[in-house]
Colleague: 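This structure is in structure tokens; I'll ask about it shortly.
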Amino acid sequence: QVQLVESGGGAVQAGGSLRLSCVASGSIHSSVCIGWFRQAPDKAREGVATIKSGVTSSVYAASVKGRFTISRDNAKNVVYLQMNGLKPEDTAMYFCAAGTGVDDWCFLSSTDYPFWGQGTQVTVSS
């Protein structure tokens, strides 16, 4: 079992920045992928970014590419999501999730991630 705890959410104005953190614990040795997902009210959950352990490799949703950066600190079991140039449409509950990957890739599909954190709220005002 893997436990994930997110932090770093908050309220910012459009154009501002936030850095989210995801701390992993428990049986994490088999989790090759960590992903960030978000869900706004009345909308489906969508993948934001993923990162692969071992060899650094990242995948981003088109809506955030160029604005968000995912990174990791393996020694501390922490994955970060740096969010710059925030827009009101980025407002959502953000979750981190862990999975084993598919064919050595970390995709943006939530079904590939069996372990989830509790979420942290991000609110961006105009």
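Just the heavy atoms: all of them, side chains too, but no hydrogens, waters or symmetry mates, feed the values below. Starting from 1, each residue takes its place in the sequence as its number.
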Colleague: Using side chain to side chain contact (heavy atoms under 4.5 Å, CB included) as the criterion, point out the one residue from C22, S58, C96 that pairs with I70.
Modeller: S58

Colleague: Could you tell me the separation between the OG atom of S71 and the CD1 atom of I51, rounded to the nearest 0.5 Å?
Modeller: 6.0 Å

Colleague: Looking only at heavy atoms, which two atoms of R72 and V79 are closest? And how far apart?
Modeller: CB-CG2, 4.1 Å

Colleague: Got a sec, which pairs hit disulfide (SG to SG under 2.5 Å) with one end in residues 97-126, sequence neighbours left out?
Modeller: C33-C106

Colleague: Let me know which of V12, T91, L20 forms a side chain to side chain contact (heavy atoms under 4.5 Å, CB included) with V122.
Modeller: L20

Colleague: Hey, could you give me the CG/CZ distance between L86 and F68, rounded to the nearest 0.5 Å?
Modeller: 5.0 Å

Colleague: In chain order, what residues pass the ring-ring contact (aromatic ring centres under 6.0 Å, His included) check against Y113, with sequence neighbours excluded?
Modeller: F37

Colleague: Can you tell me if R67 uses its side chain to pair, donor with acceptor, with the backbone of G85 under 3.5 Å?
Modeller: yes

Colleague: Short question: side chain of Q121, backbone of G9 - any donor-acceptor pair under 3.5 Å?
Modeller: no

Colleague: Would R45 count as a cation-pi partner of F95, with NZ or CZ less than 6.0 Å from the six-membered ring centre and within 45° of the ring normal?
Modeller: yes

Colleague: Would you list the pairs meeting side chain to side chain donor-acceptor pair (under 3.5 Å) in which at least one residue belongs to residues 17-26, sequence neighbours left out?
Modeller: S17-N84

Colleague: So which atom in V5 and which in Q118 form the shortest heavy-atom distance, rounded to 0.1 Å?
Modeller: CA-OE1, 3.6 Å

Colleague: Shared ILVMFWY cluster between L4 and Y80, side chains joined below 4.5 angstrom?
Modeller: no

Colleague: Hey, mind stepping through V23 and N77 against side-chain contact (heavy atoms from CB on, under 4.5 Å) and telling me if it holds?
Modeller: CA-CA 6 Å; V23 180; N77 291 327; 5.5 Å; no

Colleague: So which heavy atom on A92 is nearest to which on R38, and how close?
Modeller: CB-CB, 3.8 Å

Colleague: If the test is side chain to side chain contact (heavy atoms under 4.5 Å, CB included), which one of D90, V59, V64 qualifies with V48?
Modeller: V64

Colleague: Looking at every non-hydrogen atom in both residues, tell me the closest pair between A49 and L81 and how far apart they are.
Modeller: CB-CD1, 4.2 Å

